J.: 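Below are the structure tokens for one structure; questions will follow.
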Protein chains: 2
Amino acid sequence: MLRLSKLTDYAVVVLVRLDTGLEVQTSPGIAASIGIPEPTVAKVLKSLSSAGLVTSQRGARGGYRLARVLEDIPVGEVIAAMDGPIALAACVDGSVTECESRSLCPVRGRWDPVNDAIQSALSGISLADMREAAIPAVFRVPHSAVLEPSDVSR
Amino acid sequence: MLRLSKLTDYAVVVLVRLDTGLEVQTSPGIAASIGIPEPTVAKVLKSLSSAGLVTSQRGARGGYRLARVLEDIPVGEVIAAMDGPIALAACVDGSVTECESRSLCPVRGRWDPVNDAIQSALSGISLADMREAAIPAVFRVPHSAVLEPSDVSR
DNA sequence: CCAATCAGGACTGCGATGGTCCGGTTATGA
DNA sequence: TCATAACCGGACCATCGCAGTCCTGATTGG
């Protein structure tokens with residue numbers, strides 16, 4: 001079903017969450033505000049950082065900040081940052097070389113047009129678009145709130 | 001990396017292979033001609049059959065036949081037949097109900113525009129398009145050939 | 001100097017996937 | 001009528017990647 005990794009899903013949440021007026025936000029703080037365990041959020045942020053989607057500030061009072069505004073971040077780039085380059089492929093087994101029996105693998109290159117189509121589709125949707133698509137406004141809180149032990153209404 | 005299941009890849013190969021003038025082709029025959037183990041090919045064909053992409057004829061001299069011409073089979077349909085409905089999703093964990101803490105999951109519905117975009121991208125590419133994209137003509141043999149124990153040139 | 005924070009790994013458990021096999025059913029043809 | 005060829009629909013198991021956690025540095029501010 002074209003599974004999307006959970007981490008990628010988190011990444012979108014984190015990035016949208018980072019889109020506030022605040023200067024920097026710490027990994028634990030973000031984790032608390034969106035209700036995802038801190039180590040996991042940290043992992044996501046590290047990936048996003050090395051992909052250049054967020055900038056980091058080390059040391060005390062450090063944290064993360066969006067490298068660009070959400071409008072300029074296509075969702076494809078987030079997926080690429082988390083799941084590696086976007087490519088529907090099967091031949092990509094273990095060997096970096098090529099399919100063991102290349103002559104028997106008449107698939108090589110066959111998925112290219114499909115990949116291109118998906119690539120361009122994903123380039124046309126920004127995180128800002130995804131932010132709008134969220135359901136209620138429960139999420140668009142400025143900073144605190146959320147993270148109630150009691151289940152919020154519905 | 002948006003992994004595509006290997007079975008889906010095989011499915012495309014099998015379907016393209018099925019596009020000959022022959023009436024029906026048997027599962028063992030197809031397996032031999034494309035160099036994929038027979039049980040696996042059988043599995044693929046079963047899925048394709050129940051998805052309505054191929055029709056089957058039981059009994060001796062039975063086999064499989066394309067339900068439509070390749071031009072009328074969008075690749076998205078093949079993926080759906082093998083991997084289930086196309087949907088980038090993460091919330092789809094175990095529970096069929098909904099995310100355990102729906103209030104804390106501000107992602108629900110967020111990926112919808114992305115899914116739609118991918119869906120339409122995949123609808124626009126037919127298997128006939130993918131057949132053209134294959135590399136050499138090694139594959140476009142009429143029936144026999146291929147399946148040499150010795151490695152074919154390169 | 002100490003505390004807070006990011007960086008970059010290693011490590012582990014679970015689940016999905018790839019692949020195989022088996023008993024049953026249907027149809028052909030001798 | 002019977003043997004055979006083929007599909008049907010499961011169950012079954014090993015492997016691999018992913019989610020999630022943790023630990024040890026490096027860096028910065030107070």
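Residue numbers begin at 1 in each chain, while the letters A, B, ... track the order of the sequences. Computed from a predicted structure; not experimentally measured.
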J.: May I have the step-by-step check of salt bridge (Lys or Arg N to Asp or Glu O under 4.0 Å) for A/Glu71 and A/Arg131, ending in yes or no?
T.: CA-CA 10 Å; A/Glu71 282 74 9; A/Arg131 177 184 48 196; 3.4 Å; yes

J.: So which heavy atom on B/Leu122 is nearest to which on B/Ile79, and how close?
T.: CD1-CD1, 3.9 Å

J.: The helix from C/dC1-D/dG30 to C/dA30-D/dT1: angle between its terminal axes, five pairs each, to 10°?
T.: 10°

J.: Between B/Asp129 (side chain) and B/Ser126 (backbone), is there a donor-acceptor pair under 3.5 Å?
T.: yes

J.: Between B/Leu48 (CG) and D/dC7 (P), how many Å, whole number?
T.: 13 Å

J.: Find the distance A/Glu38:CD to D/dC22:P and express it as a whole number of Å.
T.: 10 Å

J.: Please name the pair of heavy atoms, one in B/Ala81 and one in B/Ala51, separated by the smallest distance, quoted to 0.1 Å.
T.: CB-CB, 3.5 Å

J.: Kindly point out which of D/dA6, D/dA19, D/dA5 is positioned nearest to the side chain of B/Ala60?
T.: D/dA5

J.: Which atom names give the shortest non-hydrogen contact between A/Tyr64 and A/Leu18, and what distance separates them?
T.: O-CD2, 3.8 Å

J.: Between the protein and nucleotides 8-12 of chain C, which nitrogen or oxygen pairs are less than 3.5 angstrom apart?
T.:
| unit_1 | atom_1 | unit_2 | atom_2 | d |
| --- | --- | --- | --- | --- |
| C/dG8 | N7 | A/Lys46 | NZ | 2.9 |
| C/dG8 | O6 | A/Lys46 | NZ | 3.0 |

J.: Rounding to an integer number of Å, can you tell me how far A/Tyr64 OH sits from C/dA4 P?
T.: 17 Å

J.: What is the separation between atom CZ on B/Arg65 and atom C1' on D/dA6, rounded to the nearest whole Å?
T.: 15 Å

J.: Strictly distance-based, threshold 3.5 Å: is any side-chain N or O of B/Ser123 a donor or acceptor partner for the main-chain N or O of B/Gln119?
T.: yes

J.: Considering heavy-atom distances to DNA chain C, does A/Gly62 or B/Pro37 have its closest nucleotide positioned more toward the 5' end?
T.: A/Gly62

J.: Apply the test side chain to side chain contact (heavy atoms under 4.5 Å, CB included) to residues B/Leu66 and B/Leu15: give CA-CA distance (whole Å), side-chain angles for both, the deciding distance (0.1 Å), then the verdict.
T.: CA-CA 7 Å; B/Leu66 282 181; B/Leu15 285 169; 3.6 Å; yes

J.: Does the side chain of B/Ser33 pick up a donor-acceptor pair with the side chain of B/Gln25 at under 3.5 Å?
T.: no

J.: Could you work out which one of C/dG19, C/dG29, C/dC6 sits closest to the side chain of A/Thr26?
T.: C/dC6

J.: Considering only C/dA7, D/dC7, D/dG20, which nucleotide approaches the side chain of A/Ser56 most closely?
T.: C/dA7

J.: Using OP1 and OP2 only, check whether a side-chain N or O of B/Tyr10 sits under 4.0 Å from C/dG19.
T.: yes

J.: Pick the closest DNA chain D nucleotide for A/Leu7 and for A/Gln57 by heavy atoms, then say which residue is nearer the 5' end.
T.: A/Leu7

J.: Nearest whole angstrom, please: distance from the P of C/dC6 to the CG of A/Leu18.
T.: 11 Å

J.: Give the cluster check for A/Leu70 versus B/Trp111: same hydrophobic cluster or not, with ILVMFWY residues linked at side-chain heavy-atom distances below 4.5 Å.
T.: yes

J.: Just checking B/Arg68: does its CZ atom have more than 12 heavy atoms from other residues, nucleotides or ligands closer to it than 6.0 angstrom?
T.: yes

J.: For the side chain of B/Ser49 and the backbone of B/Leu45, is there at least one donor-acceptor N/O pair under 3.5 Å apart?
T.: no

J.: Grab the CD1-P distance between B/Ile30 and D/dA6 for me, whole Å please.
T.: 12 Å

J.: Nearest to the B/Ser5 side chain among C/dC6, C/dG18, C/dT20, which nucleotide is it?
T.: C/dG18

J.: In whole angstrom, give the distance that lies between atom CE of B/Met82 and atom C1' of C/dG19.
T.: 12 Å

J.: Any N/O pairs under 3.5 Å between the protein and nucleotides 24-26 of chain D? List them or say none.
T.:
| unit_1 | atom_1 | unit_2 | atom_2 | d |
| --- | --- | --- | --- | --- |
| D/dG25 | N2 | A/Arg58 | NH2 | 3.4 |
| D/dA26 | N3 | A/Arg58 | NH2 | 3.0 |

J.: Under 4.0 Å from OP1 or OP2 of C/dA7: is there any side-chain N or O of A/Ser49 that close?
T.: yes

J.: Specify the separation, in whole Å, of atom CG of A/Leu45 and atom P of C/dA7.
T.: 9 Å

J.: Let me see the working for A/Met130 and A/Leu127 under side chain to side chain contact (heavy atoms under 4.5 Å, CB included), right down to the final yes or no.
T.: CA-CA 5 Å; A/Met130 297 189 69; A/Leu127 287 190; 4.1 Å; yes

